[in-house]
Amino acid sequence: MSENKIRTDSGIEIKKVYTPADIHSANQEMPGEFPFTRGIQADMYRGKFWTMRQYAGFSTAEESNKRYHYLLSQGVMGLSVAFDLPTQIGYDSDHPLSEGEVGKVGVAIDSLQDIQSLFNGIKLEDISTSMTINATAFILLAFYVALAKQQGADLKKISGTIQNDILKEYAARGTYIYPPKPSMKIITDIFEWCSNELPKWNTISISGYHIREAGSTAVQEIAFTLSNGKAYVKSALEKGLDINVFGKRLSFFFNAHNNLFEEIAKFRAARRMWAKIMKELGSTDDKAMMMRFHTQTGGSTLTAQQPLNNIARVTTQTLAAVLGGTQSLHTNGYDEALSLPSEEAAKIALRTQQIIAYETGVANTVDPLAGSYFIESLTDEIENEAWKLINKIDEMGGSVRAIEQEFIQNEIAKSAYDYQHKIETKEKIIVGINKFEEKENNPSVVFKIDDSIRNVQIQKLNQLRSSRDNALCDRLIKGLSQKATANENIIPTVIESVESLCTLGEIADALRSVYGEHH
């Protein structure tokens, strides 16, 4: 009688036992050396732990600011800002399409005044800020730079990341504004401006996280993410930018899912593959070939049923990210399948990282699972499968063409369907969902955002527009449209516009009038 085959979530067969014969690459590389399979730093966490972040943002800037001060007091090393949907798609809070969404899934930001409130009492030179923002990333970066200048900060010392990855929005998430071509042009404008003015800023966080949340496998997550990365690099090279300069400011953002060993192998394979891609594209500087990445535990793995079980899931995912060599990590709150995370859940999520860092010993040596027959073999297999997908996308003309032809979207949809089908048929067990269920009336206190937040934001906007120099704002907005039409770098004009209190919606609309909208 033949044994049932056991496979990872990507469909890679797991053998009963692994031996030295299963390791195809007799790999003697050391951490900190090309192609960085074992980590980008020679001493990894022995020198410094990963940056422990907590992703937060809700309601008004003032309310989010209180949560940031609380998180910083609890030992968070960097802030990660969540923005509401109107901010993400370039509408002010008083726009008709903003109704019902203001402050709901993140903080509402309409103007420089909101950013001043968001970071009130926080010196931007002292922290690293990650902003999950894509279509309007250039505007949020301008707000941040304007505030840093007001604080008298040295822009050369300001560090952080804007997500700024528009390709995955077309493929998996949907918060895009402009068509692909002008969107790519804005991104290269940011690369160019930051190379000169904001050298420590990560100008893009090429994101597999949302690709995975949309239902991809681990293999698809890295294949589609690295293909998108190639598209951004090629776009910057076409503009004449130096790969050894802008390459050092690219970062990545991955998901940590439940399949512990597959996730660890995924991170190791992704680092190795990116180093090879950058070398192929002409990089000669090791630092430009290093894949630096942030990880977030898997939101789609959290269950509303028996929510405390999510603490165990998040712990396993945290271990995967740390054993896989992440540079930065956000851990989800156990109650996030029900609502925005409560303060208690956010604290437990942070404590999970701190316990793993200080109590488990996993950070004491670099790449502790290197040399495991299973991990090394799985790393090779994931890499091989991912290359097949990347080569297929290359044959189609790259990521932009693959997205336009809906290849990437369809592949993700098929994987999402297959995964759900396995849950429905109990081929895949999710504790509390299709096995070990309980009858429960959920006692969890759900954290809700009041619809009155929109009225607060509208009042602030009315006051802003009645007190600013509107003639100057009109001139700047007109000048921005002219820069966009002339195909010039728009970033300096955007910064000047936000400093003169033009709103996010006004700036986004100026470019809508030139570029149009993607449908």
Side-chain angles (χ1 to χ4, degrees), residues 7-15 18 22-27 29 33-40 165 167-168 171-172 206-209 211-212 214-234 237 243 247 250 252-255 257 259 261-283 288-293 324-325 370 373-403 405 407-412 414-415 418:
R7 297 181 186 276
T8 71
D9 291 338
S10 294
I12 294 168
E13 189 181 338
I14 303 292
K15 292 162 64 167
Y18 287 78
D22 293 297
I23 300 178
H24 311 302
S25 51
N27 198 335
E29 75 173 78
E33 293 176 6
F34 180 89
F36 313 108
T37 316
R38 302 194 59 194
I40 59 169
D165 174 3
L167 291 178
K168 69 97 178 43
I206 305 157
S207 176
Y209 184 84
I211 289 169
R212 192 65 175 280
S216 82
T217 65
V219 165
Q220 288 171 333
E221 180 188 354
I222 60 169
F224 298 155
T225 305
L226 299 191
S227 282
N228 289 349
K230 274 177 90 168
Y232 294 124
V233 171
K234 285 181 173 178
L237 289 171
I243 192 169
L250 305 177
F252 287 80
F253 174 27
F254 289 117
N255 201 306
H257 233 255
N259 194 315
F261 296 113
E262 182 173 47
E263 294 300 291
I264 295 165
K266 174 189 82 178
F267 296 130
R268 298 173 90 248
R271 249 193 314 270
R272 185 157 77 202
M273 292 172 75
W274 184 246
K276 291 173 184 174
I277 287 168
M278 286 297 274
K279 194 167 197 173
E280 230 172 71
L281 291 170
S283 176
M289 297 183 230
M290 289 176 180
M291 171 188 269
R292 291 159 302 120
F293 64 91
Y373 307 141
F374 178 38
I375 283 291
E376 296 294 359
S377 172
L378 196 49
T379 302
D380 290 344
E381 291 213 50
I382 286 172
E383 180 178 4
N384 293 339
E385 292 302 311
W387 281 128
K388 286 178 196 171
L389 273 173
I390 289 173
N391 293 338
K392 204 168 188 178
I393 290 166
D394 285 347
E395 283 164 20
M396 298 171 86
S399 265
V400 176
R401 291 293 298 127
I403 288 165
Q405 292 173 42
F407 168 73
I408 291 176
Q409 296 92 311
N410 290 335
E411 290 294 301
I412 294 169
K414 275 189 273 187
S415 295
D418 290 345

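Worth saying up front: this structure is predicted, and the values here are computed from it rather than measured.
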Do side-chain atoms of T225 reach the backbone of E221 as a donor and acceptor pair under 3.5 angstrom? yes
Hey, does the side chain of E385 reach the backbone of V219 with a donor-acceptor pair shorter than 3.5 angstrom? no
Is the F36 ring parallel, tilted or perpendicular to the F34 ring (thresholds 30°, 60°)? perpendicular
For the rings on F261 and F374, is their centre-to-centre separation under 6.0 Å? yes
Main-chain N/O of Q220 paired with S216 side-chain donor or acceptor, under 3.5 Å: no
Identify whether NZ of Lys or CZ of Arg in K230 sits under 6.0 Å from the centre of the six-membered ring of Y232 and within 45° of that ring's axis. no
Is a side-chain donor or acceptor of D22 paired with a backbone partner of Y373 at a separation under 3.5 angstrom? no
Is a donor on one side and an acceptor on the other found under 3.5 Å between the side chain of K414 and the backbone of E411? no
Please assess S10 against E262 for the test side-chain hydrogen bond (donor to acceptor under 3.5 Å, both in side chains), listing each intermediate value before the final yes or no. CA-CA 8 Å; S10 294; E262 182 173 47; 2.9 Å; yes
Distance only, no hydrogens: is a donor on one side chain within 3.5 Å (strictly under) of an acceptor on the other, for T37 and R268? no
Within this structure, what is the CG-OG distance for the pair N391 and S227, rounded to the nearest 0.5 Å? 9.0 Å
Before we go on, tell me: are the rings of F267 and F293 under 6.0 Å apart, centre to centre? yes
Parallel, tilted or perpendicular: which fits the ring planes of F407 and F224, with parallel below 30° and perpendicular above 60°? perpendicular
Do you see a donor-acceptor pair shorter than 3.5 Å between the side chains of S399 and N228? yes
Looking only at atom types and distance, does a side-chain atom of Q409 sit under 3.5 Å from a main-chain N or O of I403, one as donor and one as acceptor? yes
Atom pair CD1 (I12) and CD1 (I14), whose distance is rounded to the nearest 0.5 Å: 7.5 Å
